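Letters go in sequence order (proteins before strands), and every chain restarts at 1. Computed from heavy atoms alone, side chains included, the values below leave out hydrogens, waters and symmetry copies. This is a predicted model, so every value here is computed, not measured.
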There are 2 protein chains.
Amino acid sequence: MTKAGSDGTLRRRILDATRHLLVAEGYTSLSMRKIARAIGCSPTAIYLYFQNKDALVHTLIDEGFGLLYEELREEAARHDDPVARLEALWRRYVAFGLRNPEYYEIMFMLHPERMERYPPEKYRRARRGLELSIQTLEEGRRMGLFAIEDPRVTASAAWAALHGAVALLLARRLDVRIDPEAFIDTTIRTLLRGVLAPEALPQMAAK
Amino acid sequence: MTKAGSDGTLRRRILDATRHLLVAEGYTSLSMRKIARAIGCSPTAIYLYFQNKDALVHTLIDEGFGLLYEELREEAARHDDPVARLEALWRRYVAFGLRNPEYYEIMFMLHPERMERYPPEKYRRARRGLELSIQTLEEGRRMGLFAIEDPRVTASAAWAALHGAVALLLARRLDVRIDPEAFIDTTIRTLLRGVLAPEALPQMAAK
DNA sequence: TTGCGCTGGTTAACGCTGTTAAGTTAAACA
DNA sequence: TGTTTAACTTAACAGCGTTAACCAGCGCAA
C-alpha cells in the first residue's frame, strides 16, 4: 500500500488541510491536533513529514512566496515604462495581501521570535520580489525618472510602507470613516510622488 | 492585612511584572503562570484583578498609548512650522517604536483576531496620536505647503507606512546590507516628498 | 515457508498553557 | 462570640507541541 490512506500523499494532505484551517480559523488557532483531526490521522503522524509545527508553516510560507513572486513577475513583464511598472508592482503587492490574508499573515505578520527560525537562506528566495522593484527603480533612475539615492533602500522603504498598509487593512484597524480604496490609492500615490523626479511629477498628477 | 504581601497593590505588581517579562522574553512566551511565579502568587490571583490574559495585556496597551501620545504631544508643541512639525512627529513615532519594542508589539503587532477583542472605545483614545498628524496636515494645507486631498486619509497612509518600517526593523527582516538609519531616513523623506506641494519641495531637498 | 527488517503509522505520556470551581485563611464588624 | 467578607490558594479541566515506545503489514533473503 502506498503512503496515505485516501488520495494523494499524506504530506500533501497535511499541507492542504493546514492551508484550509488557516483560511477558516487563522493562525493563532491552528494546532497540530486540529490538522490531524481534519485529515483523520494521529497528531504524531505529521511529525513523520515535518520536523515540527514551524517547519510545516515554513513550507506554506514558501508556497506563498512562490505565488507572490509569480504574480509580481507577470505584472512586471506587462509594463515597459518604469513608472507604470513600479506602480503596477506596488498595486499588485497590496492586492495579493488582501486577496490571500492567510498566506500574508504567515509570510509577513508572524512575530519576530518565531520568524527568526525561518532559515535565512529562504529569505533570499523571498527577496526576489523586492528585486523586481529595485531593478525598476534602477532603470527609471538611469532615465532620469526617479529622484532617489539608493534603489535598494528606496525599494525596501516602499515595500515596508505597503506592508504597513496591508497589515492595517487586514487587522481592520483603519478608521471606519476612511474608504479602503482611497487609503490604498493615497498610499501608492504618495509613495510615487515621493520617488518621482520633479520634472516627471506633473505627468503623474495629470493622470 | 492589606492587599498584596510586600509593597504596592498586587494589581500594580502584576502589571510591572508583566511589563518586565514582556521586555525580557517577548509576548509569545508570556504566560499567566510565569507572571504569578515572578511575583510569588498563585496564577489564579491575577484573575482577581483582570478578567483574563487579554484584559491584562490591554491595560498595558493603554499605558503604551498614553506614553506614545505624551511624546507626540510634546514633540508637536516644539515646532511651529507644519512641515517641520510633521517630520518631527513621524521621526518621534519611529523612535518610540524602536525604543519600546515590547510596548510596540502589544500595541500594534498583535494578531488581528486578538486585537478585535480590544474595545473600540479604547481605539478612539489610541487615535489621538494620529489627530496630531491630521491637524498638522490640515494646517499646512491651508498654507499651501501640502498637496494632499484628505488629511485624514493621508495621515493614516503615512502612519501605516511608518508602522511598516518599524515592524520591519523590529522583526529584523531588513536586508543586512541596508543601514537602519538610512532606511528610516529614506522612508520619512519619501513620505515628506510625497505630501509636499511642488513649490515647497526644493526647500526640503536643500536641507 | 519462515523470519528479519523496514515503512508508515499508532497510543500513551510529559510538561506546558488559560481558565474555572471550590476551598481556606484572616481580618472586620455586629 | 459569631458571621460576613475580602484576598487568596489548591485542584482540576481541556487543550497545546512534542517525544518515546510500540505495532501492523509488506518486501525479501535464506
Query raised in the report: If you look at every strand shown and take non-hydrogen atoms under 4.0 Å, does Ile46(B) touch a base, only sugar-phosphate, or nothing?
Result: nothing
Report summary line: Between OH of Tyr27(B) and P of dT17(C) the distance, given in whole Å, is 14 Å
Query raised in the report: Among Trp159(B), Tyr103(B), Tyr27(B), which one satisfies ring-ring contact (aromatic ring centres under 6.0 Å, His included) with Phe108(B)?
Result: Trp159(B)
**Report entry** Glu87(A)/Arg189(A) salt bridge by N-O under 4.0 Å criterion
**Finding:** no
Query raised in the report: Any donor-acceptor pair under 3.5 Å between the side chain of Thr44(A) and the base of dT11(C)?
Result: yes
Query - Lys/Arg-Asp/Glu bridge criterion (N-O < 4.0 Å) met for Glu139(A), Arg85(A) - result: yes
Query - Protein-nucleotide distance (Tyr47(A), atom OH; dG17(D), atom P), rounded to Å - result: 6 Å
Report task. May I ask you to check if Arg128(B) and Tyr69(B) form a cation-pi contact, with NZ or CZ under 6.0 angstrom from the six-membered ring centre and within 45° of the axis? Result -> yes
Report summary line: Rounded to whole Å, the CG-C1' distance (Leu10(A) to dT10(C)) equals 13 Å
Query raised in the report: Short question: side chain of Lys53(B), backbone of Leu30(B) - any donor-acceptor pair under 3.5 Å?
Result: yes
Query - Check: His163(A) ring centre within less than 6.0 Å of Tyr104(A) ring centre - result: yes
**Report entry** Minimum-distance nucleotide (side-chain atoms of Leu48(A) versus dT18(D), dG8(C), dT19(D))
**Finding:** dG8(C)
Query - Interatomic distance, Arg11(B) CZ vs dA6(D) P [rounded to whole Å] - result: 18 Å
Report task. Tell me whether the guanidinium CZ or amine NZ of Arg141(B) lies under 6.0 angstrom from the six-membered ring centre of Phe146(B) and within 45° of its axis. Result -> no
Requested in this report: Quickly work out the Asn52(B) CG to dT20(C) P distance and round it to whole Å.
Outcome: 7 Å
Query - End axis versus end axis in the helix from dT1(C)-dA30(D) to dA30(C)-dT1(D), the angle rounded to 10°, five pairs used at each terminus - result: 40°
Query - Salt bridge present between Asp175(A) and Arg177(A) (N-O < 4.0 angstrom) - result: yes
Report task. Quickly work out the Tyr49(B) OH to dA7(D) C1' distance and round it to whole Å. Result -> 6 Å
What N/O pairs connect the protein and nucleotides 14-16 of chain C at under 3.5 Å? Give each pair on its own line.
none

Report task. With sequence neighbours excluded, tell me which residues meet side-chain contact (heavy atoms from CB on, under 4.5 Å) with Gln135(A). Result -> Glu131(A), Leu132(A)
Query raised in the report: Reckon Ile35(A) touches a base, only the sugar-phosphate, or nothing at all at heavy-atom distances under 4.0 Å?
Result: nothing
**Report entry** Nearest-angstrom distance from the residue atom CE of Met32(A) to P of dA13(C)
**Finding:** 21 Å
Report summary line: Taken to the nearest whole Å, NZ/Lys53(B) to P/dT17(C) is 9 Å
